[in-house]
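Notes follow once the structure below has been shown.
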Amino acid sequence: MGQFSGGCYLSFFIFLLLGSQVPTTLARGYEDCISATTGTGKLENIMESKFNPSKITSQRGEALQHGQSGTLPHFLEEPVDAYIVKSNPIKLRCQARPALQIFFKCNGDWVHQSQHTSQEHTDLTTGLKIREVMINVSRQQVEDFHGPEDYWCLCVAWSHLGTSKSRKATVRIAYLRKNFEQDPQGTEVPLNGMIVLHCRPPEGVPVAEVEWLKNEEPLSFDDGNVMEKKGDHNLIISEARLSDSGNYTCVASNIVAKRRSATATVIVYVNGGWSSWTDWSPCNVRCGRGVQKRSRTCTNPAPLNGGAFCEGMSVQKSTCNTVCPVDGGWGEWSEWSACSSDCERQRSRECTAPEPKHGGRLCDGVAVATENCTGGLCTQNRKLLHDAKPQGVENSSDVALYSGLAAGVVTVVLLIVAVTVYRRSQSEYGVDVIDSSALTGGFQSFSFKTSRQANPLLINSSMQPDLTVSRTYTSPMCFQDSIDKELMAERSLLDPLPDLKVKGVTERAEYHVMSHPQTFPRGLAPDYRGVAVGTTLGRRGKNLFSPHVSLTPRLPLHRATAVFGHAGGRLVVPNTGISLLVPHGGIAEDTTWEMYMSINQEDSSTVSEDGPEIFLSPAVTYGPPGLDLSYPIAMTIAHCAEVAADNWTIRLKRHIQDNKWEEVMSVDEESTSCYCLLEAQKCHVLLEHPGRYALVGEPLNQEAGKRLRLAVFGSPDASNSLGFTLRVYCVDDTPHAFQEVAVGERSRGGRLLEEPKMMLFKANTFSLQVSIQDVPQLLWSIKPFTTCQEFSFSQVWASNQHPLQCAFTLERYSHSSSQLSCKISIRQVTGKEQILQVYTSVVENEKGVVPFFTQSDCTITSQTGSRAFKIPLSIRQRISATFDTANANGKDWQLLAQKLHIDRNLCYFACQESPSSVILTLWEAQHQDSGDLDSLASALEEISKVHSPKAVTLSCSKEERDSEFTKLA
């Protein structure tokens with residue numbers, strides 16, 4: 001059936017009813033209408049039925065079969081909106097009753113009869129016929145339509161009474177774009193905070209529906225805490241819980257496809273909170289000024305999921321003063337009483353100098369002394385015990401007795417006066433070594449200070465310091481080898497002391513004596529690196545005790561060995577900041593020991609697997625095992641901790657076995673087994689037991705930091721004549737760690753391009769970034785994506801003296817470009833930036849390279865005898881004899897330690913046989929790099945001005961000290 005308008009149908013039915021009564025002009029008009037819509041064949045059929053009454057009758061009967069109930073067609077099913085998915089056509093369907101015909105009209109045009117599929121059936125209830133019509137709409141038809149509105153279709157059904165129209169059904173091509181208009185973004189929110197995730201799905205037809213996934217599971221909205229705003233599809237969680245942490249995904253879907261947004265990671269973090277303070281700990285000393293602590297932990301709550309660490313200090317320290325026990329002391333004896341009738345006399349004394357206080361011991365001995373006052377000629381019951389003598393004889397005996405006593409007293413007084421006058425005429429020191437008049441002349445300065453260049457006592461005052469040393473290290477790393485200089489220093493020190501003998505020449509002979517039969521140990525030292533002692537020292541017959549133990553290996557020198565005797569000496573691992581001082585008298589007379597010291601490269605960067613401790617120094621071993629010393633040795637270890645603030649807990653640990661470490665002592669605490677004196681860059685340790693030791697640290701907060709040394713080296717690229725490589729090193733700020741870098745760069749022909757600099761790396765978990773800047777773009781090119789490199793926090797924090805290196809490879813455009821200038825920026829994220837300025841020539845034979853090998857010819861690893869010490873032996877012995885026991889003015893070794901600023905952990909010195917000698921050993925180790933005795937002289941001068949200091953008696957037994965170390969072993 002062709003397409004034609006409803007008006008033609010109505011005219012057609014009117015024409016049938018009127019029959020031949022319709023004028024010819026009307027019939028012709030209708031004919032034109034039909035021909036325009038249905039074609040010539042249809043027109044012939046209509047005209048045939050016009051002049052055939054039997055056919056007209058048949059059509060009326062058909063109308064009666066559809067029911068002439070007086071109603072228009074009623075639609076039982078109308079076309080619905082549809083979407084074309086991909087290239088699949090859709091079907092539109094209509095059902096109506098009563099209906100003679102049903103046709104579709106799309107976009108205002110009738111659909112051709114050939115495109116209709118119709119069928120009819122009879123309603124069993126009413127007996128009326130129901131007509132159903134379907135058409136297909138293809139994607140091409142929709143795409144070809146260009147109108148102001150969407151593609152639409154409706155149905156037109158008619159009966160003998162008229163027509164009815166269905167609803168319009170739109171047909172659209174379905175799609176869903178790939179990209180979301182807005183992806184949800186990951187976020188971090190505090191506990192109980194609000195989480196808002198935005199999602200705008202891709203454009204699509206029909207509009208996409210949105211659902212949320214959490215960890216790939218559909219998110220439930222049953223909980224009132226989670227809601228979704230339907231309008232803009234935002235996900236809102238009003239109060240975040242820890243369980244809300246996860247990966248969230250927005251999923252958009254329609255009949256075409258399903259799209260997933262980028263995953264948004266939500267982290268619900270918990271900021272740390274302090275617990276309550278603990279009670280104050282007991283004072284850490286038994287008497288005197290000490291320290292007590294209290295602590296709190298960041299566990300209320302503990303920081304979680306990257307939450308902020310608690311601000312403030314976890315440990316509070318407070319000074320405390322514990323009343324010291326004062327042992328009683330006897331006062332002076334009283335005068336003898338008169339001789340009693342029993343021929344006895346008495347004298348007494350009181351325990352009041354001082355009185356025992358605070359639990360101190362009572363005085364030992366008797367308070368009253370009695371003796372016979374007649375020389376044995378005593379009477380009993382008024383009768384002589386011996387034969388009676390004449391009265392004259394008795395009187396003469398008494399006169400002789402008293403005359404002899406008087407003569408003896410006068411003689412003793414004269415002798416004392418004579419000795420005193422003689423000694424004062426021979427030495428301006430007099431009896432007391434701390435006499436202030438002697439201090440000024442007795443100790444002269446030997447420091448290389450410009451203000452004293454005219455002083456004749458200076459050692460080679462015209463000598464200029466080695467500037468290359470100061471460019472890399474702040475202190476000398478090996479000895480000055482000059483015997484004349486040593487003798488000059490000693491004579492200068494002793495010239496004002498005529499009563500002291502110079503032993504320089506005699507002690508110098510110690511360097512060249514042959515091996516004593518009592519040298520220990522015989523054979524090889526324990527193999528700490530598989531190296532025998534003989535491989536370092538050579539054969540014993542070849543000047544074994546020479547002050548020059550020459551060692552020039554290609555690799556860094558990590559070991560030093562020497563033989564020491566009663567005179568003691570110093571052992572140094574060159575260019576590492578590690579040294580060992582054996583005090584005079586520490587080794588028994590007629591005995592020598594082969595001693596060694598080595599640096600061990602630890603495999604593990606942390607001391608314990610479950611603890612936050614890290615190594616702050618190299619692990620240093622000294623030996624041999626079984627070493628028997630009368631006095632402790634002083635070992636100096638360089639460290640990299642920033643100790644200006646109380647942000648660290650630093651401990652000395654000792655290696656036991658299976659890569660395990662045990663704590664020997666905490667630097668802040670008291671101990672009688674060893675002593676630690678912590679300085680800004682070094683730690684001086686007094687030890688009595690050989691072994692492997694290291695300083696470890698535990699950060700107390702995020703402000704704890706360790707020093708890093710930064711250096712940039714450069715060398716031409718061997719594989720590219722136009723190439724040049726910059727290597728940036730970040731190492732722990734210890735001489736040993738930087739020496740590793742220096743030796744490695746020497747082997748590869750590297751040059752130090754800028755003075756090394758120091759930066760503070762804090763324990764705040766942020767990484768270290770290294771970037772190159774200001775490279776001349778017209779002269780040089782650099783590999784892409786290499787201008788900024790990064791070390792993770794754990795790499796830097798637990799580097800354990802191992803160098804961290806990153807490289808920048810540059811290439812010049814032509815050989816004429818011989819100069820390179822750029823900047824290397826090094827910074828910890830959120831921290832301060834350190835700049836290394838590079839300006840160098842890339843031509844190998846150019847001069848002006850910054851030197852970096854600190855005393856590369858330094859191979860002297862040991863000194864023995866007086867050359868190893870700043871204080872001459874004779875003065876050292878006098879100081880020890882003066883201060884080991886309190887004199888009449890109460891000036892003892894405790895006052896000496898106080899004036900030398902070594903006034904903590906005094907219990908350790910109290911346990912020593914000669915506390916003053918051990919204090920001086922520690923002072924020697926502390927001042928080994930300075931060239932004068934000014935600080936010691938100043939301390940002694942201050943002591944001479946002190947009047948009657950308060951004496952505090954400290955006691956310690958050797959058993960107590962050994963038992964403390966046994967607990968650690």
Sorted by chain and number, sequence neighbours left out, side-chain contact (heavy atoms from CB on, under 4.5 Å) with S579 holds for V572, T636, Q928

Using side-chain hydrogen bond (donor to acceptor under 3.5 Å, both in side chains) as the criterion, list what pairs up with K762, not counting sequence neighbours. E703

Holding to side-chain contact (heavy atoms from CB on, under 4.5 Å), I want the full list of residues that pass it with T297, two or more places apart in sequence or in another chain. S275, T299

Sequence neighbours left out, what passes side-chain contact (heavy atoms from CB on, under 4.5 Å) with N271? Give chain and number order. Y269, A308

What pairs with C683 under disulfide bond (SG atoms under 2.5 Å apart), at least two apart in sequence or on another chain? none

Can you sort out the partners of E698 under salt bridge (Lys or Arg N to Asp or Glu O under 4.0 Å), two or more places apart, ordered by chain and number? R651

K317: which residues meet the salt bridge (Lys or Arg N to Asp or Glu O under 4.0 Å) condition with it, sequence neighbours left out? D668

For a side chain to side chain donor-acceptor pair (under 3.5 Å) check, start with the C-alpha distance between H558 and E740, then their side-chain angles and the critical distance, and finish with the verdict. CA-CA 10 Å; H558 295 316; E740 294 278 351; 2.9 Å; yes

Checking K214 now: which residues fulfil salt bridge (Lys or Arg N to Asp or Glu O under 4.0 Å) with it, not counting sequence neighbours? none

Residues forming a salt bridge (Lys or Arg N to Asp or Glu O under 4.0 Å) with D733, sequence neighbours excluded: R707, R709

Applying ring-ring contact (aromatic ring centres under 6.0 Å, His included), name anything that partners F793, two or more places apart in sequence or on another chain. F761, W797

Results of side-chain contact (heavy atoms from CB on, under 4.5 Å) for R294 - residues two or more places apart only: W277, T278, W280, Q316

Partners passing disulfide bond (SG atoms under 2.5 Å apart) against C351 (at least two apart in sequence or in another chain): C363

